[in-house]
Amino acid sequence: MIDSRTWIPAIALGLATSGGVYWLAGVPLLAAYVGAFWTIGVGLTAYHADAIPGLLRGNSEWGTTARLWSGAFGGLLALATTAVMGPQLPVSSETGFALGLLVIGVAITMANVGIGLALSLAGDGAGTVETRVEAPGSDS
């Protein structure tokens, strides 16, 4: 699972994000959490890129079901991020932005944890998903 082509850029991005949040909001623990979630989330996304067709590239043959779930993920993520960045919270705009980055990092990480779980249930956890779910009523 440790691949320098996957994890070194993810660690670099996590450190940069963490440093940016600390510079912007000045809250060390929040900066550490943001950096950790971004590192893990981006690293797992790169790790799963070859296992899931179309995860990072637009060559998926999964049809409309995958687009439906990715649209739901994006919409709910936007809603959660907007909630923590809005003016209704009694925090500065810098801290609100940092909280938004935390929400995005947690969402990316949790999506990849779900992908890892699905891959491990489908096989050895490192290969591609070999089975395809056909749409109801389709002829196979």
Side-chain angles (χ1 to χ4, degrees):
M1 181 168 172
I2 303 298
D3 181 13
S4 62
R5 292 174 294 143
T6 300
W7 290 100
I8 289 177
I11 291 169
L13 180 65
L15 288 172
T17 306
S18 180
V21 166
Y22 180 72
W23 173 76
L24 187 65
V27 182
L29 190 57
L30 179 60
Y33 282 133
V34 169
F37 276 107
W38 275 80
T39 299
I40 295 167
V42 169
L44 287 176
T45 300
Y47 178 74
H48 291 137
D50 292 332
I52 304 293
L55 180 65
L56 294 179
R57 295 170 287 287
N59 60 352
S60 176
E61 297 178 6
W62 287 10
T64 58
T65 305
R67 288 190 292 263
L68 171 68
W69 285 108
S70 66
F73 174 77
L76 292 170
L77 178 58
L79 180 66
T81 305
T82 304
V84 299
M85 292 177 66
Q88 67 274 13
L89 288 180
V91 296
S92 68
S93 59
E94 292 84 5
T95 304
F97 182 74
L99 289 172
L101 288 175
L102 177 64
V103 168
I104 293 169
V106 169
I108 292 169
T109 302
M110 292 295 91
N112 279 286
V113 167
I115 290 170
L117 176 63
L119 288 173
S120 68
L121 291 174
D124 62 359
T128 60
V129 177
E130 297 294 332
T131 59
R132 284 180 59 177
V133 177
E134 297 294 330
S138 65
D139 294 331
S140 300

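Please read these numbers as outputs of a predicted model, since none were measured by experiment.
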Check the hydrophobic clustering (I, L, V, M, F, W, Y; side-chain heavy atoms under 4.5 Å; chains of links allowed) and say if [X] and [Y] are grouped together.
| X | Y | answer |
| --- | --- | --- |
| Ile104 | Val91 | yes |
| Ile11 | Val21 | no |
| Trp23 | Leu99 | yes |
| Phe97 | Tyr33 | yes |
| Leu29 | Leu102 | yes |

Hey, what do you get for [atom1] ([X]) to [atom2] ([Y]), rounding to the nearest 0.5 Å?
| X | Y | atom1 | atom2 | value |
| --- | --- | --- | --- | --- |
| Leu76 | Thr81 | CG | OG1 | 10.5 Å |
| Leu44 | Ile115 | CG | CD1 | 9.0 Å |
| Thr45 | Trp38 | OG1 | CH2 | 9.5 Å |
| Ile108 | Leu77 | CD1 | CG | 7.0 Å |
| Asn112 | Leu119 | CG | CG | 10.0 Å |

Examine distances only and state if a side-chain atom of Ser18 and a backbone atom of Gly14 form a donor-acceptor pair shorter than 3.5 Å.
->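 No: the side chain of Ser18 does not pair with the backbone of Gly14.
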Measure from the side-chain N and O atoms of Thr109 to the backbone N and O of Ile40, and report whether any donor-acceptor pair falls under 3.5 Å.
->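 Looks like no, no N/O pair under 3.5 Å.
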